[in-house]
A.B. asks: 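Starting off with a structure, shown below.
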There are 2 protein chains.
Amino acid sequence: MAVTRNTVQREIVLSTVLSMCNHPSAEEVYDSVSKNDSHISKGTVYRNLALLSQTGKIRKIAMPGTLADRYDFNLKPHFHAVCRKCGKIIDVCCKERADGFSFSEPFKVEGMELVLSGLCSECDENSSDKSELK
Amino acid sequence: MAVTRNTVQREIVLSTVLSMCNHPSAEEVYDSVSKNDSHISKGTVYRNLALLSQTGKIRKIAMPGTLADRYDFNLKPHFHAVCRKCGKIIDVCCKERADGFSFSEPFKVEGMELVLSGLCSECDENSSDKSELK
DNA sequence: CTCCTTATCAGTAATGATTCTTAATTAGAA
DNA sequence: TTCTAATTAAGAATCATTACTGATAAGGAG
């Protein structure tokens, strides 16, 4: 419903994410924006990252636990692996077999967290569907 | 290294999780404990849930985004699906095929988040391994 | 059984990521 | 150009979780 406007802030946030190839967090996007271009408030960065991922311009990577969420310019379907020590994120392609992961670089898998999201049967039936939950 | 003691609080937290079959969050465990048994402080509940999952008594389900983490008494390997509306968690068995998920009850999949954790090649090599990252 | 070390506790302040609030600004249709 | 709703900056608020502090108690040594 909402009419989406083209703002310079939104354009800067988008181009910043597209220029960063390291799955940046909102904080890192904010830092990069602050360093390079004009000043954009942190709330605006968060809001635009959410908006851009909703409209499919970028992709949001919801990290487990209290780790900060990341954003990805790569829209092709793939999964991610986080290094427990340095926090680096590595792309993972999922082949036909469940056990056949292929990594963009070597990675020692210690654990995995898969969470599917959607609707349970009850909520699907009485679907006044407001996306109550985050 | 740390010698683990047997405390009543730890025993209560464990038995509470074991008695709850609905993947409770730390807050829900705290509520249940407060309602039934004696008083245990919230910090103690959090600490014991972490400790119990580290020692393999229960399993921690790190939820993506800002959703509260959950705990599971079921140690058998399986994944989880969260309802976007009511937040209910449903068990998912992963068969041989990547596309072959089987659910404990009907669920409409709208999205999935898979995050592998472990060590990238650099961190694996210079492994003074302190688990710096959460 | 008593003593002693130190893991653990209760209570609460602090943290960190994210969202919300409010008043001012501005994109873009009329 | 004018008007209005979308957007912004700045900072307060929220929420899950962790850290801190002084008090308590588990369990091995004697």
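Bear in mind the structure is a predicted one, so any value in this text is a computation, not a measurement. A note on names: the letters A, B, ... follow the listed sequences, proteins ahead of strands, and every chain is numbered from 1.
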A.B. asks: What integer distance in Å separates A:R10:CZ from C:dA27:C1'?
C.D. replies: 11 Å
A.B. asks: Starting from P on C:dA17, measure out to NZ on A:K60 and report it in whole angstrom.
C.D. replies: 14 Å
A.B. asks: CG of B:L67 versus C1' of C:dA17: gap in Å, rounded?
C.D. replies: 13 Å
A.B. asks: In whole angstrom, give the distance that lies between atom CD of A:E11 and atom C1' of D:dT7.
C.D. replies: 15 Å
A.B. asks: Decide whether B:H23 and B:N74 meet the rule of one side-chain donor and one side-chain acceptor closer than 3.5 Å.
C.D. replies: no
A.B. asks: How close or far is atom C1' of C:dA17 from atom CD of A:E28, stated in whole angstroms?
C.D. replies: 13 Å
A.B. asks: Name the one of A:K60, A:H78, A:M20 that satisfies side-chain contact (heavy atoms from CB on, under 4.5 Å) with A:D72?
C.D. replies: A:H78
A.B. asks: Roughly how many Å is it from NE2 in B:H39 to C1' in C:dA10, rounded to a whole number?
C.D. replies: 7 Å
A.B. asks: With respect to the side chain of B:D69, which nucleotide from C:dT18, D:dT17, C:dA10 is positioned closest?
C.D. replies: D:dT17
A.B. asks: Looking at the side chain of B:A26, which of C:dT18, D:dT17, C:dT8 is the nearest nucleotide?
C.D. replies: D:dT17
A.B. asks: Round to a whole Å and report the spacing from CZ of A:R70 to P of C:dA17.
C.D. replies: 10 Å
A.B. asks: Can you build the contact string for nucleotides 24-30 of chain D? Use B for base contact, S for sugar-phosphate-only contact, and - for no protein heavy atom under 4.0 Å.
C.D. replies: -BBS---
A.B. asks: Take atom NZ of A:K42 and atom C1' of D:dT8, then tell me their distance rounded to the nearest Å.
C.D. replies: 16 Å
A.B. asks: Could you check whether A:S19 and A:T16, counting side-chain N and O atoms only, form a donor-acceptor pair closer than 3.5 Å?
C.D. replies: no
A.B. asks: Using the side-chain heavy atoms of A:Y46, tell me which of these nucleotides is nearest: D:dT8, C:dA17, C:dA10.
C.D. replies: C:dA17
A.B. asks: Taking the side chain of B:A68 as heavy atoms from C-beta outward, which of D:dA16, C:dA17, D:dA10 is closest to it?
C.D. replies: D:dA16
